[in-house]
S.K.: 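First, the structure itself, so that you have it in front of you.
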Amino acid sequence: MRSRAQRHNRAGRMALNAAAYAVTVFLLLPTLIIAPMSVGPERLLSFPPKGFSLRWYAEYFQDTDWIRATLFSAEAGLISAVCATVIGTMLALALVRGRLPGKGLIELLVIGPVIVPHIALAVAMFLVFEQLRLTGSLIGFAMAHTVLALPFVVFTVLAALYRFDAELERAALSCGAGAFRTFRYVTLPLIAPGLVSAALFAFIISFDEAVVSFFISDLDRKTLPRKMFEDIDFNISPTLAAVATMLTALTILALLIGYGLKRSMERRARAADTGP
């Protein structure tokens with residue numbers, strides 16, 4: 001009877017794993033198709049490609065409009081990642097360690113950008129930013145992307161805070177360390193892997209965001225996703241496939257770097273705990 005139940009559990013896990021892999025392949029299939037299209041020699045998008053050429057990657061790097069949009073996205077992503085990580089970390093600490101009145105309302109406001117459709121947020125931000133003359137500005141983009149990335153930073157830091165023992169903080173406080181020193185020498189090293197992951201999430205969300213960026217851009221200052229939308233409307237070429245492929249590679253690289261840094265920090269933390 002027990003072996004039959006174990007076989008059923010094993011079969012259920014195999015079916016669940018098969019479904020998960022199938023969904024993953026389905027989601028990655030467009031990327032697997034667009035990457036070969038980016039190295040085709042034809043001027044029009046075609047699959048499978050009838051040859052191999054890096055011409056469209058060269059055109060991307062030689063086009064000042066593409067490079068300008070890429071650098072602008074990178075600047076906005078770095079600023080919003082720093083801002084979202086700092087604000088999200090403080091907010092997560094207040095939610096976990098503090099005694100905030102109306103804590104449930106604050107948590108609801110934090111997840112608001114995830115629940116509210118981005119098109120509604122984009123319209124609202126455009127109306128506000130237009131009055132403040134922030135449309136098309138780096139500050140405007142950084143503010144908008146910080147709002148969008150903040151929930152993911154808070155969730156990631158909350159998970160890191162719940163994973164480590166709060167008694168370590170209480171021990172530091174009981175030994176005379178102030179709140180800032182406790183955070184600096186106890187809490188921060190322990191949640192550092194979570195902060196790295198949160199910052200990378202924030203950067204990726206900002207760099208890839210398209211809906212809000214479309215509304216708050218102007219003719220001169222636009223992000224890379226906005227430039228890609230314009231290229232779809234007016235000039236569909238394999239350069240667009242090359243940019244999409246590089247964006248995918250950049251996202252995967254950022255996730256791998258974050259994973260590597262996280263594992264390295266966790267190993268150092270375990271070594272420090274087991275050290276003499």
S.K.: What are the two closest heavy atoms between Ala142 and Thr146, and how far apart are they?
M.R.: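 Of all heavy-atom pairs spanning Ala142 and Thr146, the closest is O-OG1, 2.6 Å.
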S.K.: With rounding to the nearest 0.5 angstrom, report the CG to CD1 distance, Leu121 to Ile115.
M.R.: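 These two atoms lie 11.0 Å from each other.
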S.K.: Locate the shortest heavy-atom distance separating Ala92 from Val154; write the atom from each residue and the value.
M.R.: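 Heavy atoms only, the tightest pair is CB-O, 4.2 Å.
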S.K.: Are any side-chain N or O atoms of Ser73 and backbone N or O atoms of Leu224, one a donor and one an acceptor, separated by less than 3.5 Å?
M.R.: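 Between the backbone of Leu224 and the side chain of Ser73 there is a qualifying donor-acceptor contact (under 3.5 Å).
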S.K.: Could you tell me if the side chain of Tyr57 sits less than 4.5 Å from the side chain of Thr239, heavy atoms only?
M.R.: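 No, too far: nothing below the 4.5 Å cut-off.
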S.K.: To the nearest 0.5 Å, tell me how far Leu138 CG sits from Ser80 OG.
M.R.: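 Nearest 0.5 Å value for the CG-OG distance: 9.5 Å.
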S.K.: Should Thr135 and Phe215 count as side-chain neighbours, where that means a heavy-atom distance under 4.5 Å?
M.R.: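 Sidechains of Phe215 and Thr135: no contact.
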S.K.: With a sphere of 6.0 Å drawn around CD1 of Ile139, does it hold more than 12 non-hydrogen atoms of other residues, nucleotides or ligands?
M.R.: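 No, the 6.0 Å shell around CD1 holds no more than 12 heavy atoms from other groups.
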S.K.: Can you name the closest pair of heavy atoms from Thr223 and Ser217 and give their distance?
M.R.: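 Shortest heavy-atom separation between Thr223 and Ser217 comes out as N-OG, 4.3 Å.
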S.K.: Check the surroundings of atom CZ in Phe207: do more than 12 heavy atoms from other residues, nucleotides or ligands lie under 6.0 Å from it?
M.R.: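 Atom CZ in Phe207 is packed in, count exceeds 12.
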S.K.: Distance from Thr89 atom OG1 to Leu158 atom CG, nearest 0.5 Å?
M.R.: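 Rounded to the nearest 0.5 Å, the OG1-CG separation comes out at 9.5 Å.
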S.K.: Any donor and acceptor pair, going by atom type alone, linking the side chain of Glu59 with main-chain N or O of Asp63 inside 3.5 Å?
M.R.: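 Between the backbone of Asp63 and the side chain of Glu59 there is no qualifying donor-acceptor contact (under 3.5 Å).
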S.K.: Quick one: list whatever passes side-chain hydrogen bond (donor to acceptor under 3.5 Å, both in side chains) with Lys227, sequence neighbours left out.
M.R.: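 Applying side-chain hydrogen bond (donor to acceptor under 3.5 Å, both in side chains) to Lys227 gives none.
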S.K.: Just jot down the salt bridge (Lys or Arg N to Asp or Glu O under 4.0 Å) partners of Glu75, sequence neighbours excluded, or say none.
M.R.: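 Once residues adjacent in sequence are excluded, Glu75 has no partner under the salt bridge (Lys or Arg N to Asp or Glu O under 4.0 Å) criterion.
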S.K.: Not counting sequence neighbours, list each pair that qualifies as a ring pair (Phe, Tyr, Trp, His ring centres under 6.0 Å) and has a residue in residues 105-144.
M.R.: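 Every pair satisfying ring pair (Phe, Tyr, Trp, His ring centres under 6.0 Å) with a residue in residues 105-144: Phe72-Phe141, Phe141-His145.
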S.K.: Less than 4.5 Å apart, any side-chain heavy atom of Val82 and any of Phe203?
M.R.: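 With C-beta onward as the side chain, the pair stays apart.
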S.K.: Go through it in stages, so that I can follow the logic: the residues are Ile67 and Leu71, the test is side chain to side chain contact (heavy atoms under 4.5 Å, CB included), and I'd like the CA-CA distance, side-chain angles, deciding distance and then a yes or no.
M.R.: CA-CA 6 Å; Ile67 298 300; Leu71 293 177; 4.0 Å; yes
S.K.: With clusters defined by side-chain heavy atoms of hydrophobic residues (ILVMFWY) lying less than 4.5 Å apart, directly or transitively, does Phe155 cluster with Val86?
M.R.: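 Looking at the clustering, Phe155 is in a separate group from Val86.
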S.K.: If you group Ile, Leu, Val, Met, Phe, Trp and Tyr by side-chain heavy-atom gaps below 4.5 Å, do Met90 and Phe152 land in one group?
M.R.: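 Hydrophobic grouping puts Met90 apart from Phe152.
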S.K.: For the atom pair CD1 (Ile216) and CG (Leu127), what is the distance rounded to the nearest 0.5 Å?
M.R.: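 Those atoms lie 12.5 Å apart.
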S.K.: Just verifying a value: how many Å separate Thr156 OG1 and Leu200 CG, rounded to the nearest 0.5 Å?
M.R.: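 Atom-to-atom, Thr156:OG1 and Leu200:CG are 10.0 Å apart.
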S.K.: Which atom names give the shortest non-hydrogen contact between Val212 and Ala144, and what distance separates them?
M.R.: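 Heavy atoms only, the tightest pair is CG1-CB, 4.0 Å.
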S.K.: Report yes if some heavy atom in the side chain of Val243 is under 4.5 Å from a heavy atom in the side chain of Trp56; otherwise report no.
M.R.: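 No - every pair of side-chain heavy atoms lies 4.5 Å or more apart.
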S.K.: Side chain of Ser206, backbone of Ala202: donor and acceptor closer than 3.5 Å?
M.R.: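 No.
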S.K.: Output, in order, the C-alpha distance, side-chain angles, deciding distance and verdict of side chain to side chain contact (heavy atoms under 4.5 Å, CB included) for Trp66 and Leu240.
M.R.: CA-CA 10 Å; Trp66 281 111; Leu240 185 63; 4.2 Å; yes
S.K.: Shortest non-hydrogen contact from Leu195 to Thr85?
M.R.: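 Where Leu195 meets Thr85 most closely, the heavy atoms are O-CG2, 4.2 Å.
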